[in-house]
Amino acid sequence: MTNGKQNPLAMVQFPLQSVGVQWIKQKIKKEQNESLNVDYVELQAWNVFGLPKSIMCGLQDLKFHEPTQIQSLTLPAAILGKRDILGSSETGSGKTLAFGLPILAGIIEFKNQCTYLDDADMLSADTGSNHTESIASKENSKIKPLYALILTPTRELAIQIKNHLDAVAKYTGINIATIVGGMAAVKQERLLQKGPEIVVATPGRLWELIQQGNSHLSQVDNIKYLAIDETDRMLEKGHFHELHNLLEKINLNKGHKRQNFVFSATLVRASSGNKSRMKFKDMNSTQKMQKIINILGITNPKLVDITSGAGTSSTLTECRISCDMPEKDYYLYYFLKKHPGKTLVFCNSIGCVKRLCNLLNLLECHPLPLHASMPQRQRLKNLERFRDFSNSILIATDVAARGLDIPCVEHVLHYQTPRTSENYIHRSGRTARASEEGITVLFMEPNEVKNYLKICSALEKSKDLPIFPVHENYLKAVKERVNLAREIDKLQLHIRKTNSEVGWIQKMAKNMDIIVAEYPFVFVH
Ligand SMILES: Nc1ncnc2c1ncn2[C@@H]1O[C@H](COP(=O)(O)OP(=O)(O)OP(=O)(O)O)[C@@H](O)[C@H]1O
């Protein structure tokens, strides 16, 4: 005191410790959760899993009244038994929530334990006793825990998984970030500064940020949950090396306990496989898969494999069109005109996507392209447009084959026969999702018969795919239009080529101080 007397308050012991904004936020969230309304009768099929109320509310909002089969079979072992899961089920069957719900529920449990500890801290502070971990020190430590990492092979899939989990986690206060290539790294670093509890990532960019020493990601060897989606794709050349590095890093902290989820629609085919696949490259896949299981220290997983022999959805109608190569364009245009609806056309190469886009634009079908050499922003924009407009057409390479969940895709056309049965399953799985109906048509020219037979045998199909019904009387008009469009396309290509040659020659002439008088070129000195 300024007058030299001691403040009498200072003489009274006052053991209250300070708490920060996080503690207040959690308390408010808890109060809010208590006031949430869940119709447990409507959601009774979910009751057995012991999901927190905040998640049940999210499911209620989404009108997911009952779990899908893969979810029913996975959730008890994952949530109640805390076991590692190796899961495989057909495309569109709800695998994301089969690993997403246990992760969200587990994080809420961890956070509740922290709040409980915090309350115990408050109590011990009130009673003057010392708790080992003080709230103040927790609040002061700037790093928020990273609880879970979800790895996926493609950027679009990572964004989709985040959006799906965000919707279920709406009332949980759990923050989810995506870390993918092709987006500004600075922006992603900013997202990580907020300390998301879950990171959904493609391996390349994640590895880059870890190597740059990002502080939030420095906790990857301490995460509580790891999910690998579309695992068989991650085992392929080009992905495996990055995945391997990452997993070694994640597993550095040997004594740390972590729950692992390894999922795909074609996982078990790749890991145990049928004998015909084992012959060519599955031995490698099996060995790589075993390596992943070893690295992750998975010893007693719950194996949930509900893929039928087909691997595709039972609501999918499959058929084929056999024709010569030049005729594929006729049948494609015929299909698009005769059967309007949201349609995804798959090609094996970027060149083929570009060619078809030009041709179909001339035919006024206005398709949207999607392939790996497009800028990421444009890729996402095209996906959004495809999603938002009815009767839209997306022409894509296999970057769009995996996991993308676009509602109401009615048709999937394999303009070129896929090279593997896995690709056939994943491409076809973009339609007939979540018990909806869908059609897939495989276009096959004589050179592709070998691949087609390989697919049929891997998928244990005892019969040929049925022939897609075509009204031949329309084909004459179709051919005329397509042929005309091809001619225009050829001419336009020629003009573009000539223009770029002219541009190049004029530029060179200018540099050399030469005047180009006319085309064909006459040089005037
Ligand atoms: N319990 C549920 N009830 C109703 N719809 C659900 C349920 N769970 C998931 N879905 C919906 O089913 C669709 C497919 O789910 P998801 O994308 O998880 O499938 P997937 O098995 O991962 O497919 P893929 O193998 O192609 O990646 C999504 O639109 C999702 O919102």
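As the structure lists them, so they are numbered: ligands from 1, and atoms in each ligand from 1.
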Looking only at protein heavy atoms, identify the closest one to [atom] and say how far it is in Å.
atom	value
atom 28 (C) of ligand 1	D405 OD2, 2.9 Å
atom 25 (O) of ligand 1	K95 NZ, 2.7 Å
atom 17 (O) of ligand 1	R433 NH2, 3.0 Å
atom 30 (C) of ligand 1	H164 NE2, 3.6 Å
atom 8 (N) of ligand 1	Q71 NE2, 2.9 Å
atom 18 (O) of ligand 1	T96 OG1, 2.7 Å
atom 27 (O) of ligand 1	G403 CA, 3.1 Å
atom 6 (C) of ligand 1	F64 CZ, 3.5 Å

Does [X] pair with [Y] as a salt bridge, N-O distance under 4.0 Å?
X	Y	result
D221	K249	no
R402	E230	yes
R427	D398	yes

Tell me whether ligand 1 is touched by [X] - counting only heavy atoms on the residue side and a distance under 4.0 Å.
X	value
E230	yes
F99	no
R402	no
H65	no

As an exercise, identify every atom of ligand 1 less than 4.0 angstrom from a heavy atom of [X].
X	answer
S93	19 (O), 20 (P), 21 (O)
E66	1 (N), 2 (C), 3 (N)
G92	14 (C), 19 (O), 20 (P), 21 (O), 23 (O), 24 (P), 25 (O), 26 (O)
E90	21 (O)
W46	1 (N)
T68	1 (N), 2 (C), 7 (C), 8 (N)

Is it the case that more than 12 heavy atoms not belonging to K381 sit under 6.0 Å from its NZ atom?
no

Check your understanding: Taking K224 as the fixed residue, which of H256, Q259, E109, R258 is the one that meets the side chain to side chain contact (heavy atoms under 4.5 Å, CB included) rule?
Key ->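 Running side chain to side chain contact (heavy atoms under 4.5 Å, CB included) over H256, Q259, E109, R258 with K224 returns exactly one hit, H256.
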
Nearest heavy-atom contact between L217 and N214 is N-OD1, 3.0 Å

Can you check salt bridge (Lys or Arg N to Asp or Glu O under 4.0 Å) on D166 and K162, steps first, answer last? CA-CA 6 Å; D166 268 347; K162 176 203 156 38; 2.7 Å; yes

Note to self: Considering both backbone and side-chain atoms of R430, is one of its nitrogen or oxygen atoms within less than 3.5 Å of a nitrogen or oxygen in ligand 1?
What the structure shows: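 Yes, since at least one N or O of R430 sits under 3.5 Å from an N or O of ligand 1.
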
Review point. Below 3.5 angstrom, do we get any N/O pair linking G94 and ligand 1?
Key: yes

- prompt: Do H414 and Y424 have ring centres separated by under 6.0 Å?
  reply: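 Yes: the rings meet the under 6.0 Å criterion.
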
Do the ring centers of F335 and F468 come within less than 6.0 Å of each other?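 For F335 and F468, the ring centres are under 6.0 Å apart.
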
Residue pair D464, Y452: steps toward the side-chain hydrogen bond (donor to acceptor under 3.5 Å, both in side chains) verdict = CA-CA 9 Å; D464 263 333; Y452 162 72; 2.7 Å; yes

Value for CZ (R387) from CG (L380), rounded to nearest 0.5 Å, stands at 10.0 Å

Parallel under 30°, tilted from 30 to 60°, perpendicular over 60°: which one fits the rings of F99 and F261?
tilted

